[in-house]
Amino acid sequence: DAKTTQPPSMDCAEGRAANLPCNHSTISGNEYVYWYRQIHSQGPQYIIHGLKNNETNEMASLIITEDRKSSTLILPHATLRDTAVYYCIAVAPNAGNMLTFGGGTRLMVKP
Amino acid sequence: DAGVTQSPTHLIKTRGQQVTLRCSPKSGHDTVSWYQQALGQGPQFIFQYYEEEERQRGNFPDRFSGHQFPNYSSELNVNALLLGDSALYLCASSLAVRDTQYFGPGTRLTVL
């Protein structure tokens, strides 16, 4: 699986958009980009995933660059409850979708 | 629609003992994966079960074993517990091996 690189921490003001970057320059053609988040001591929560095209669901939007070497997770209107560690993971379906978690980005949403 | 459930929530054991953790997958899911999360670190993949067989395994010793039942629920067994086995153990389920994984709340194991 491709390695991903994320900033260790970010701050965001409540009500503003949170843009979380992820670098995956060695991603292969069949690897999806998955995002999960983990609120303190809870199980990781699935947010969104994509292969090539941008994706949007009720939680967030995922923007993947055309060369697929990086992506950005966007939380359009961050709330205090969005404070969590966000993990960007490159996942190969032919490897059983095994998730290899890195350090993630600790997002702190401030009032 | 119930999500992934795990039991027990918390568990305290002593070194050398054995422990069994349980997981019921989300309704309709047939694949279960187990992860270990030490304090301050990201989850690490232990193994995955599909059709009652271990399909993939991470870098964990044979002291870690598992089982999947015909109803798709799963158990994680750890023998000869070490202090370093203290962690949050997470179960994730998916509809087939290649689908998105959804996590349960975890079991917090403390080894004294």
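Computed from a prediction, not measured in an experiment: that's the story for all the values here.
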- Task: Examine whether an atom of A/Q45 lies under 4.5 Å from a heavy atom of chain B, and if so say whether it belongs to the side chain, the backbone or both; otherwise answer neither.
- Result: neither

- Message: Salt bridge or not between B/D85 and B/R63? Use side-chain N to carboxylate O under 4.0 Å.
- Response: yes

- Check the angle between the aromatic planes of A/Y46 and A/Y36 and answer parallel, tilted or perpendicular using the 30° and 60° thresholds. perpendicular

- Message: Please classify the contact between B/T100 and chain A as side chain, backbone, both or neither, with a heavy-atom cut-off of under 4.5 Å.
- Response: both

- Worked verdict on B/F45 versus B/F47 for ring-ring contact (aromatic ring centres under 6.0 Å, His included): CA-CA 6 Å; B/F45 175 75; B/F47 43 53; 7.7 Å; no

- Message: Using a 3.5 Å distance criterion without hydrogens, assess whether the side chain of A/N30 forms a donor-acceptor pair with backbone atoms of A/A92.
- Response: no

- Message: I'd like to know which of B/G104, B/G42, B/P43 tops the heavy-atom pair count under 4.5 Å against chain A.
- Response: B/P43

- Note on the structure: Residues pairing under ring pair (Phe, Tyr, Trp, His ring centres under 6.0 Å) where one sits in residues 62-93 of chain A, two or more places apart or in two chains, turn out to be A/Y87-A/F101

- Most chain A-contacting option - heavy-atom pairs closer than 4.5 Å, from B/Y35, B/Y50, B/Y102: B/Y35

- Query: Among B/R108, B/Q101, B/R55, B/Q37, which has the most heavy-atom pairs under 4.5 Å with chain A?
  - Reply: B/Q101

